[in-house]
Amino acid sequence: MIDKLPVSAIVVGYNEARLLEQALKPLSFCDEILYFDLGSEDDSKEIASGFGAKVIDHPRVDSCEWIHAKYSRSTKHEWVLITDPDEVLSEELVNEIHYIFNGGVSLDNVGAISSPWIFYFKGKRLYGTNWGGINRRILLVNNNRFEFRELIHLGRKVKDGYTTYDIAFKGKNFIHHYWMIGFRKLFEKHSRYLRNEGEARFKNGIRSTPREIVLQPFRSFRNSFISARGYKDGFTGFFLSCFWAWYETSAKIRNYTYQKQTGN
């Protein structure tokens, strides 16, 4: 019998049957699992139900931030775990979460808990580029001490007066992020993200200039391939660094376009 923790998990997916089982299995410690399905045509909903998740049908949205903002305060527990179908919590990370919630760490003033996070591209771990190495992301939030907004990539923030507890990287305690299965998926997903990047950055106080737009592809490629050692991943690192240059430049153009439309 697995000890349940007072944690509600939120997972959002669309046609993720091939990934969903490995993502949901480590979440068996969560007392509640909510799976928001965005219109899957595969066996995603059946797989989620098989792991005890409550399946909720939801219209397609561009990113899970919209789901988190709308439903994170409607969970059974105030502590909410946010994960995706392409992410797998390691056994060591789950053990650490048990330690934290069983009194190992005081959570009196904590609004969020962050975890080490490692990316994979086409099944291979990334050691360089903007995505490689040991990254970190918010994994658990207290929904009374944390704010979600419907803003792509920029919609999460610990409320004033609270802190973030960072789980230290110890070698095996991290989230496996099976980020992209191939080039087509990479462009499809990020093209969808771009529809909202300009507005999201604007609402977070970011402004762009024509000069920055011209310089951005060179800066982004240099940062990803040289500074972040994308060269360590060979051709994949070179390609992803070029991709990052394209994405950041496109995001700046959209940010500049949005600010011109608003007159700011």
Side-chain angles (χ1 to χ4, degrees), residues 2 5 7-30 33-36 40 42-44 47-48 50-53 63-65 67-68 79-101 112-141 153 156 164-186 188-190 193 224 228-230 232-234 236-237 239-240 243-244:
I2 297 174
L5 297 179
V7 172
S8 296
I10 291 180
V11 185
V12 182
Y14 172 73
N15 287 342
E16 302 283 7
R18 63 178 191 81
L19 295 170
L20 202 52
E21 182 173 349
Q22 65 175 359
L24 292 177
K25 189 174 181 180
L27 303 184
S28 57
F29 68 90
C30 297
I33 301 175
L34 303 178
Y35 173 69
F36 291 86
S40 296
D42 58 13
D43 296 330
S44 294
I47 292 172
F51 279 91
S63 182
C64 57
E65 277 89 350
I67 302 291
H68 299 158
W79 279 101
V80 182
L81 185 148
I82 303 298
T83 190
D84 292 331
D86 60 0
E87 295 181 323
V88 180
L89 276 62
S90 70
E91 180 180 354
E92 290 79 7
L93 178 57
V94 172
N95 290 339
E96 191 139 5
I97 294 171
H98 271 282
Y99 169 77
I100 291 170
F101 279 88
I113 299 171
S114 78
S115 166
W117 193 31
I118 290 179
F119 281 63
Y120 298 77
F121 183 77
K122 297 179 71 174
K124 294 183 179 180
R125 178 175 170 178
L126 292 173
Y127 291 91
T129 78
N130 187 62
W131 299 273
I134 310 300
N135 293 279
R136 179 171 291 280
R137 80 158 178 86
I138 297 295
L139 176 62
L140 289 137
V141 304
H153 296 142
R156 302 175 181 181
T164 298
Y165 175 76
D166 297 323
I167 296 175
F169 178 62
K170 300 175 182 176
K172 295 183 179 181
N173 60 331
F174 58 88
I175 305 166
H176 297 270
H177 186 22
Y178 297 101
W179 176 52
M180 293 292 162
I181 60 173
F183 303 109
R184 181 178 177 180
K185 187 73 171 179
L186 178 71
E188 184 275 328
K189 182 173 285 190
H190 285 79
Y193 291 160
S224 181
R229 298 182 293 179
K232 295 179 69 174
D233 295 304
T236 296
F239 169 80
L240 288 177
F243 175 82
W244 180 241

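Quick caveat: nothing in here was measured; it's all calculated off a predicted structure.
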Worksheet entry | Straight-line distance of Leu186 CG to Ile181 CD1, nearest 0.5 Å | 11.0 Å

Worksheet, complete the sentence: Sorted by chain and residue number, the side-chain contact (heavy atoms from CB on, under 4.5 Å) partners of Asp86 (sequence neighbours excluded) come out as Leu19, Asp84, His177, Lys189

Item to complete: Find out whether Ser90 and His176 are in side-chain contact, i.e. whether some heavy atom of one side chain is under 4.5 Å from a heavy atom of the other.
Response: yes

Fill in: Ile97 and Trp79, any side-chain heavy atoms less than 4.5 Å apart
no

Item to complete: Taking all heavy atoms of Ala17 and all of Asp42, pick out the closest pair and write down the distance.
Response: N-OD2, 3.1 Å

Item to complete: Taking all non-hydrogen atoms of both residues into account, name the closest pair between Ser40 and Gly13 and its distance.
Response: OG-O, 4.0 Å

Worksheet item: Which residues satisfy the side chain to side chain donor-acceptor pair (under 3.5 Å) test with Asn15, sequence neighbours excluded?
Response: none

Worksheet item: Can you name the side-chain contact (heavy atoms from CB on, under 4.5 Å) partners of Ile134, sequence neighbours left out?
Response: Pro116, Ile118, Arg125, Phe169

Worksheet entry | Side chains of His68 and Val141 in contact at under 4.5 Å (non-hydrogen atoms) | no

Worksheet entry | Sub-4.5 Å side-chain heavy-atom contact between Asp233 and Leu240 | no

Discussion item. Would you compute the distance between atom CG of Leu24 and atom CD of Glu16 and round it to the nearest 0.5 angstrom?
Written reply: 11.0 Å

Fill in: Those residues that, when tested against Lys25, pass side-chain contact (heavy atoms from CB on, under 4.5 Å) (two or more places apart)
Phe51

Worksheet item: What pairs with Asp166 under side chain to side chain donor-acceptor pair (under 3.5 Å), at least two apart in sequence or on another chain?
Response: Ser114

Item to complete: Please confirm whether the backbone N or O of Asn130 pairs with a side-chain atom of Ser224, one donor and one acceptor, at under 3.5 Å?
Response: yes

Response to the item:
Residues at least two apart in sequence or cross-chain that pass ring pair (Phe, Tyr, Trp, His ring centres under 6.0 Å) with Phe183, listed by chain then number, are Phe121, Phe239

Worksheet entry | Residues in salt bridge (charged side-chain N to carboxylate O under 4.0 Å, His left out) contact with Arg137, at least two apart in sequence or another chain | Glu87

Worksheet item: Could you state the interatomic distance from OG1 (Thr83) to CG (Leu139), rounded to the nearest 0.5 Å?
Response: 6.5 Å

Discussion item. Any heavy-atom pair between the side chains of Leu140 and Phe101 that's under 4.5 Å?
Written reply: yes

Worksheet item: Got a second to check how far Ile67's CD1 is from Ile10's CD1, nearest 0.5 Å?
Response: 8.5 Å

Worksheet item: Between CD1 of Ile47 and CZ of Arg18, what distance do you get to the nearest 0.5 Å?
Response: 11.5 Å

Worksheet entry | Test ring pair (Phe, Tyr, Trp, His ring centres under 6.0 Å) applied to Phe36 - qualifying residues, sequence neighbours left out | Tyr71

Discussion item. Can you tell me how the ring of Trp131 sits relative to the ring of His190, calling it parallel under 30°, perpendicular over 60° and tilted otherwise?
Written reply: perpendicular

Fill in: For Ala23 against Pro85, the heavy-atom pair lying closest together
CB-O, 3.3 Å

Discussion item. According to side chain to side chain donor-acceptor pair (under 3.5 Å), who are the partners of Lys232, at least two apart in sequence or on a separate chain?
Written reply: none

Discussion item. What's the separation between atom OH in Tyr99 and atom CG in Asn173, rounded to the nearest 0.5 Å?
Written reply: 13.0 Å

Worksheet item: Given side chains that start at C-beta, do those of Ile82 and Ile138 come closer than 4.5 Å, heavy atoms only?
Response: no

Item to complete: Side-chain contact test, heavy atoms from C-beta onward, threshold under 4.5 Å: evaluate it for Ile100 versus Tyr165 and give yes or no.
Response: yes

Fill in: Contact summary for Ala53 and Tyr35, nearest pair of heavy atoms
CB-CB, 4.2 Å

Worksheet item: Is the count of non-hydrogen atoms from other residues, nucleotides or ligands lying under 6.0 Å from Arg136 atom CZ greater than 12?
Response: yes

Practice prompt. Identify, with sequence neighbours excluded, every residue that meets side chain to side chain donor-acceptor pair (under 3.5 Å) alongside Asn135.
Written response: none

Item to complete: Verify side chain to side chain contact (heavy atoms under 4.5 Å, CB included) between Thr129 and Phe119, making sure each step is shown before the conclusion.
Response: CA-CA 10 Å; Thr129 78; Phe119 281 63; over 6 Å; no

Discussion item. Show every salt bridge (charged side-chain N to carboxylate O under 4.0 Å, His left out) that has at least one partner inside residues 168-180, sequence neighbours left out.
Written reply: Glu96-Lys170

Discussion item. Less than 4.5 Å apart, side chain to side chain, heavy atoms only: is that true for Ile167 and Phe174?
Written reply: no

Worksheet entry | Test salt bridge (charged side-chain N to carboxylate O under 4.0 Å, His left out) applied to Glu92 - qualifying residues, sequence neighbours left out | none

